[in-house]
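Note: hydrogens, waters and symmetry copies are ignored here, and every other heavy atom, side chains too, is used.
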Amino acid sequence: MTKIITFTNMTGIELEKPEPASKNIPEWYKELPTYFGDGIKKPIRPDLTTSTIKKCIPVFDAISAGYIIKLGVDVYVEPQIDEDGNSNPYFQWISLDAIGFHPIEQVPNHPSNKGHTVSYPKFINFWSVKTEPGYSCLFITPLHRDLPFEILPGVVDKDTYTEPVNFPFVLKNINFEGLIPAGTPIA
């Protein structure tokens, strides 16, 4: 099998290396029984059994496909109200440059915007990704996870562009307050 991805830590600080999504299955999925009710496959109707979503291979493939890049440091988020009465998130972290920003004017009408009025935050990615010639990477929010954010998806030609790719995102709830802990899957 051909190795198509290598990861290089660009910080010089020990961080959790990206790893296959198949090693990062969400707890809710792991805990879900294969069949509901008494735990065995039974017909409910001619076209339906007691199987749960755990029997759905497309869902499992979506959860386990690709690689997971995780947040390198704890980030605390709290809403701040500006002079116009808009709620804008305020981000705090103690080490590394964990969050950067893009002015809202770069894309004021993105369909994922949930109320950001000043800027789009972006997770600073500490990993350079390199693929073999002819391969690109699709960067998306990890699928089927309960996360307070959604990254803006993008495709990058990682066979030629080897710098780290940062991940602009929106908070699903502009008034979110809480900790996004180090180790949270971000892309």
Side-chain angles (χ1 to χ4, degrees), residues 1-7 9 15-75 77 110-116 120-123 125-159 164-187:
M1 185 166 140
T2 304
K3 186 176 183 181
I4 63 168
I5 296 181
T6 58
F7 296 96
N9 182 336
L15 296 169
E16 193 172 349
K17 186 174 182 175
E19 59 185 2
S22 61
K23 294 184 178 190
N24 288 273
I25 304 299
E27 287 304 314
W28 74 264
Y29 187 86
K30 289 180 191 176
E31 294 169 2
L32 185 68
T34 306
Y35 299 99
F36 63 86
D38 57 10
I40 59 173
K41 182 178 181 178
K42 291 182 185 175
I44 297 173
R45 304 187 315 240
D47 63 332
L48 184 65
T49 70
T50 56
S51 56
T52 67
I53 199 171
K54 202 166 197 174
K55 292 293 287 181
C56 181
I57 297 304
V59 170
F60 178 74
D61 287 348
I63 289 172
S64 63
Y67 288 79
I68 296 290
I69 297 175
K70 297 179 180 179
L71 186 60
V73 299
D74 289 343
V75 174
V77 185
H110 193 280
S112 291
N113 189 339
K114 307 289 191 226
H116 293 264
Y120 284 102
K122 64 181 172 183
F123 291 115
N125 176 21
F126 306 119
W127 295 94
S128 172
V129 179
K130 176 78 173 138
T131 65
E132 289 186 353
Y135 287 88
S136 298
C137 291
L138 169 64
F139 293 100
I140 60 173
T141 305
L143 300 172
H144 296 287
R145 301 195 185 245
D146 184 19
L147 299 168
F149 58 84
E150 175 185 340
I151 69 167
L152 305 182
V155 175
V156 181
D157 296 330
K158 293 307 291 173
D159 56 345
V165 174
N166 297 318
F167 309 118
F169 67 95
V170 294
L171 292 171
K172 293 178 183 176
N173 174 356
I174 195 68
N175 294 312
F176 171 78
E177 182 169 1
L179 180 69
I180 304 174
T184 297
I186 57 173

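Under the 4.5 Å side-chain criterion, counting only non-hydrogen atoms from C-beta, Cys137 is in contact with Thr131. At least one side-chain heavy atom of Glu19 sits less than 4.5 Å from a side-chain heavy atom of Asn24. In this structure, His110 and His116 have side chains that are not in contact, with every pair of non-hydrogen atoms separated by 4.5 Å or more. At least one side-chain heavy atom of Pro121 sits less than 4.5 Å from a side-chain heavy atom of Phe169. Put simply, the side chain of Phe123 reaches to within 4.5 Å of the side chain of Leu71, judged on heavy atoms. Inter-residue side-chain proximity for Ile25 and Ser64 is flagged as met; some heavy-atom pair is nearer than 4.5 Å.
In this structure, the side-chain contact (heavy atoms from CB on, under 4.5 Å) partners of Glu31, at least two apart in sequence or on a different chain, are Glu27. For Phe167, the ring pair (Phe, Tyr, Trp, His ring centres under 6.0 Å) criterion is met by Phe139, not counting sequence neighbours. With sequence neighbours left out, the side chain to side chain donor-acceptor pair (under 3.5 Å) criterion links Asp38 to Lys42. With sequence neighbours excluded, the residues forming a side chain to side chain donor-acceptor pair (under 3.5 Å) with Asn113 are Tyr120, listed by chain and number. By the salt bridge (charged side-chain N to carboxylate O under 4.0 Å, His left out) test, Lys158 pairs with no residue at all, sequence neighbours left out. Annotation: side-chain contact (heavy atoms from CB on, under 4.5 Å) contacts of Leu143 (sequence neighbours excluded): Ala62, Ile140. Take Asn125 and apply the side chain to side chain donor-acceptor pair (under 3.5 Å) test, not counting sequence neighbours, and it matches no residue. Taking Ser136 as the reference, Asp157 meet the side chain to side chain donor-acceptor pair (under 3.5 Å) condition, with sequence neighbours excluded. In this structure, the side-chain contact (heavy atoms from CB on, under 4.5 Å) partners of Phe7, at least two apart in sequence or on a different chain, are Ile5, Lys17, Pro18, Tyr67, Trp127, Val129.
Every pair tested for side chain to side chain donor-acceptor pair (under 3.5 Å) that includes a residue from residues 53-62 fails, sequence neighbours excluded, so the list is empty. Judged as a side chain to side chain donor-acceptor pair (under 3.5 Å), the pairs with a partner in residues 139-152 (not counting sequence neighbours) are, in order, Ser112-Glu150.
Residue Lys23 qualifies as open at atom NZ: its count of foreign heavy atoms under 6.0 Å is 12 or below.
Between the Thr50 side chain and the Gly37 main chain, no donor and acceptor come within less than 3.5 Å of each other. For Lys172 (side chain) and Leu147 (main-chain N/O), a donor-acceptor pair under 3.5 Å exists by modelled atom type.
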Side-chain polar contacts of residues 176-187 - donor-acceptor pairs under 3.5 angstrom, sequence neighbours left out - could you list them?
| from | atom 1 | to | atom 2 | distance (Å) |
| --- | --- | --- | --- | --- |
| Glu177 | OE2 | Tyr76 | OH | 3.0 |
| Thr184 | OG1 | Pro181 | O | 2.7 |

Task: Tyr35 and Thr52: CA distance, side-chain angles, deciding distance, side-chain contact (heavy atoms from CB on, under 4.5 Å) verdict - done: CA-CA 5 Å; Tyr35 299 99; Thr52 67; 5.6 Å; no
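Atom CG of Asn166 and atom NZ of Lys122 lie 5.0 Å apart (nearest 0.5 Å). How far CD1 of Ile69 is from CD1 of Ile151: 8.5 Å, rounded to the nearest 0.5 Å.
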